[in-house]
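Reviewing the structure listed below.
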Amino acid sequence: MSFFHELAHQYIDGEWLTGSGSWDIIDFNPYNGEKLAAVTVATALEVDRAYRAAERAQQEWAGVNPYERRAVLERALRITGERAEEIAEAITDELGGTRPRARYEVDSATEFLREAIRQALRPTGRLLPAVGDGRENRLYRLPVGVVGVISAFNFPFLVTMKSVAPALALGNAVVVKPHQNAPVVGGGLIAKIFEDAGLPAGLLNVVITDSAEIGDAFIEHPVPKVISFTGSDRVGRHIAATAAGAFKRTILELSGNSALVVLEDADIDYAVRSAVFSRFLHQGQVSMAANRILVDRSVAEEFTEKFTAEVAALKAGDPRDPETRIGPVINAFQADALDDLVDRAVADGATALVRGRTVGNVVGPTVLTGLAEDSPLLTQEILGPVALLMTFDGEEEAVRIVNEGPYGLSGAVHTRDAERGVKFAQRIVSGMFHVNDSTVQDDPLVAFGGEKTSGVGRLNGDAVVEAFTTQRWMSIQHGRSVFPY
């Protein structure tokens, strides 16, 4: 408990502070309802203070030798490893993450930190040919300055670290606004790691607040040059419009409605295991989760029998129980919404092959089939343990179904012929698509992002250099130019 009280504060210019707002964000354990901490919200004045501190600190940080920046990140990596179990405990308490899922997030974040260490030495200048005689063209890659990060609740430690670590490595300063359901794991915990790693004050700031208090102040503020947001497409659309009006760059990782496709020649047992993981990791509260599971009609009976048996056997309940695979969803509102969603689907003619029971915020896994082709469930994101099982006749129909709807984040196809899978994937409008694997994939080296309303821009690998740096052209005339007048 004291762990949460210590870190559930604003962190501005190297100081842990109480917000000056008139109300508190209450941080609850979603499984047992325990109050973990109360955080008085930051106001627009604190947002301004955080951005101004970041602006001041960044000017010096940009000139620091990249090897020194790398050393700070190396210490942050060591501290994260030493505190891995403590971080996993926090994920379980604040998010309801099961023990395997908590360690999955910590291990993934560790890999991204390790990649950020390498990225500290990445930006290099280039010499380019010039049209005129005697001229030298230099292209410098420089930090953008200050990055605003708005994090999500589902994988907040990983998602926040994916922007914070490379942005710092590349010479920027950062202000983080964590999700109000994850103020510690997505904010204070990361600030503490970097504070203990010796990051100079002002380079990383955390403001815990809500748009009800600050409006668009976090986005509209004149200091940040890039806004990195992970969340819903509805909020992302607003952020994109607001940021564009202020000439800011945005990196938007948004909603998904991914499909996992099982072709007639797939390894059915393996495809079943992949589908269960793809749909039910972290209670299905993952944008890359396989909302829709499409199975060729010729193997649908075998797949359905095995898939429903696996789903029905998933243990739901206390996330601290090592046998639990389905913990609580993030809050009571989401639990009620999921119950209502399933009830409406069944009332509209769908069949529940598995119907999970809801106890508190623990929503048992459900498998629905027989949805009408025009069912809105087939084109929306479902952040919960509800799988939609569909059949198709041949690849052409599968491609059509996968591409329907507004989203294009992730997906997967299963087939014994890997090259057939590649050709199938090439026909899908999606930022990411995987052959013979889960829909939930993230790799520090590979560009991560979506198409259509699933996002704008990319993170990871070379993409973060594009995201968090800018290019400056400088020419030098060593001779004399000839001017027309």
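The chain is numbered in sequence order, starting from 1. Everything numeric here is computed off the predicted structure, so don't read it as measured data.
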> Should the pair Phe277 and Tyr104 be assigned to parallel (<30°), tilted (30 to 60°) or perpendicular (>60°) ring geometry?
Replying inline: perpendicular
>> I'd like to know if the side chain of Asn361 reaches the main chain of Pro30, judged simply by a donor and an acceptor atom lying under 3.5 Å from each other, with no hydrogens or angles considered.
In response: yes
> From Asn403 CG over to Ile428 CD1, what is the distance, rounded to the nearest 0.5 angstrom?
Replying inline: 4.5 Å
> Of the non-hydrogen atoms in Leu260 and Ser278, which two are nearest, and what is the gap between them?
Replying inline: CD1-OG, 3.7 Å
> Going by heavy atoms in the side chains, are Thr43 and Glu46 under 4.5 Å from each other?
Replying inline: yes
> Minimum heavy-atom separation for Arg325 to Leu314, with atom names?
Replying inline: CB-CD2, 4.0 Å
> With side chains defined as the heavy atoms from C-beta onward, is the minimum distance between Arg118 and Leu445 less than 4.5 Å?
Replying inline: yes
> Are the side chains of Phe392 and Val261 in touch, meaning some heavy atoms are under 4.5 Å apart?
Replying inline: yes
>> Go through it in stages, so that I can follow the logic: the residues are Leu73 and Leu77, the test is side-chain contact (heavy atoms from CB on, under 4.5 Å), and I'd like the CA-CA distance, side-chain angles, deciding distance and then a yes or no.
In response: CA-CA 6 Å; Leu73 290 158; Leu77 176 64; over 6 Å; no
> Can you tell me if Asn291 uses its side chain to pair, donor with acceptor, with the backbone of Leu378 under 3.5 Å?
Replying inline: no
>> So Val207 and Phe218, do their side chains get closer than 4.5 Å, heavy atoms only?
In response: yes
> Applying salt bridge (Lys or Arg N to Asp or Glu O under 4.0 Å), which residue pairs with at least one partner in residues 379-393 are found, sequence neighbours left out?
Replying inline: Arg297-Asp393
> Taking all atoms of both residues into account, what is the closest heavy-atom pair of Ile208 and Ala8, and its distance?
Replying inline: CD1-C, 4.4 Å
> Is a side-chain donor-acceptor pair under 3.5 Å present for Ser228 with Ser163?
Replying inline: yes
> Under the side-chain hydrogen bond (donor to acceptor under 3.5 Å, both in side chains) test, which residues partner Asp216, sequence neighbours left out?
Replying inline: His238
> Do Ser232 and Ser255 come close enough that some side-chain heavy atom pair is under 4.5 Å?
Replying inline: yes
> Restricting to pairs with a member in residues 447-466, which pass salt bridge (Lys or Arg N to Asp or Glu O under 4.0 Å), not counting sequence neighbours?
Replying inline: Arg122-Asp462, Arg141-Glu466, Glu451-Arg458
>> Before you tell me yes or no, could you show the steps for Arg273 and Asp269 under salt bridge (Lys or Arg N to Asp or Glu O under 4.0 Å), namely the whole-Å CA-CA distance, both residues' side-chain angles and the distance that decides it to 0.1 Å?
In response: CA-CA 7 Å; Arg273 293 194 299 274; Asp269 290 336; 5.6 Å; no
> Which pair of non-hydrogen atoms, one from Val464 and one from Pro166, has the smallest distance, and what is that distance?
Replying inline: CG2-CB, 3.9 Å
>> Can you confirm whether Arg355 is buried at CZ, in the sense that more than 12 heavy atoms of other residues, nucleotides or ligands lie under 6.0 Å from that atom?
In response: yes
> Just wondering, are more than 12 heavy atoms of other shown residues or ligands nearer than 6.0 Å to CD in Glu305?
Replying inline: no
> Salt bridge between Glu404 and Arg400, side-chain N to carboxylate O under 4.0 Å?
Replying inline: yes
> Can you list the steps and then say if Val446 with Asn460 is a side-chain contact (heavy atoms from CB on, under 4.5 Å)?
Replying inline: CA-CA 6 Å; Val446 185; Asn460 303 3; 5.6 Å; no
>> Can you confirm whether Glu86 is buried at CD, in the sense that more than 12 heavy atoms of other residues, nucleotides or ligands lie under 6.0 Å from that atom?
In response: yes
> For His414, what residues pass the ring-ring contact (aromatic ring centres under 6.0 Å, His included) criterion, not counting sequence neighbours?
Replying inline: Tyr270
> Which heavy atom in Phe307 sits nearest to a heavy atom in Ala275, and how many Å separate them?
Replying inline: CE1-CB, 3.8 Å
> Can Arg320 and Glu89 be counted as an ion pair, charged N to O under 4.0 angstrom?
Replying inline: yes
> Does the pair Leu338 and Thr366 meet the rule for a side-chain contact (heavy atoms from CB on, under 4.5 Å), with working shown?
Replying inline: CA-CA 10 Å; Leu338 288 164; Thr366 292; over 6 Å; no
>> I need the full list of salt bridge (Lys or Arg N to Asp or Glu O under 4.0 Å) pairs touching residues 356-374, with sequence neighbours left out, sorted by first then second residue.
In response: none
> Are any side-chain N or O atoms of Thr92 and backbone N or O atoms of Gly97, one a donor and one an acceptor, separated by less than 3.5 Å?
Replying inline: yes
List, one per line, each side-chain donor-acceptor pair under 3.5 Å for residues 184-197, sequence neighbours excluded.
{"from": "Lys192", "atom 1": "NZ", "to": "Asp196", "atom 2": "OD1", "distance (Å)": "3.4"}
{"from": "Glu195", "atom 1": "OE1", "to": "Trp16", "atom 2": "NE1", "distance (Å)": "3.2"}
{"from": "Glu195", "atom 1": "OE2", "to": "Tyr11", "atom 2": "OH", "distance (Å)": "3.4"}
{"from": "Glu195", "atom 1": "OE2", "to": "Trp16", "atom 2": "NE1", "distance (Å)": "3.3"}
{"from": "Asp196", "atom 1": "OD2", "to": "Arg83", "atom 2": "NH1", "distance (Å)": "3.1"}
{"from": "Asp196", "atom 1": "OD2", "to": "Arg83", "atom 2": "NH2", "distance (Å)": "2.7"}

> NZ of Lys306 to OG1 of Thr304: how many Å apart, nearest 0.5 Å?
Replying inline: 11.5 Å
> Where is the tightest heavy-atom contact between Ala182 and Pro156, given as atom of each residue plus distance?
Replying inline: CB-CG, 3.7 Å
>> Using the rule side-chain contact (heavy atoms from CB on, under 4.5 Å), only one of His179, His282, Glu105 pairs with Asn154; which is it?
In response: His282
>> Assess the residue pair Thr453 and Leu254 against the criterion (side-chain contact (heavy atoms from CB on, under 4.5 Å)); give the C-alpha distance rounded to whole Å, side-chain angles, the decisive distance to 0.1 Å, and a yes or no.
In response: CA-CA 7 Å; Thr453 57; Leu254 307 178; 5.9 Å; no
> How long is the span from the CZ atom in Phe112 to the CD1 atom in Ile117, to the nearest 0.5 Å?
Replying inline: 14.0 Å
>> Keeping Thr439 on the side-chain end and Met288 on the backbone end, is there a donor-acceptor pair under 3.5 Å?
In response: yes
>> Regarding Glu111 and Lys162, does a basic nitrogen lie under 4.0 Å from an acidic carboxylate oxygen?
In response: no
> Between atom CZ of Phe229 and atom CD1 of Ile251, what is the distance when rounded to the nearest 0.5 Å?
Replying inline: 13.5 Å
>> Working to the nearest 0.5 angstrom, can you tell me the gap between Ile26 CD1 and Gln180 CD?
In response: 10.5 Å
>> Can you tell me how far apart OG1 (Thr80) and CD1 (Ile87) are? Round to the nearest 0.5 Å.
In response: 5.0 Å
> Does NZ or CZ of Arg101 lie under 6.0 Å from the centre of the six-membered ring of Phe155, at an angle within 45° of the ring axis?
Replying inline: yes
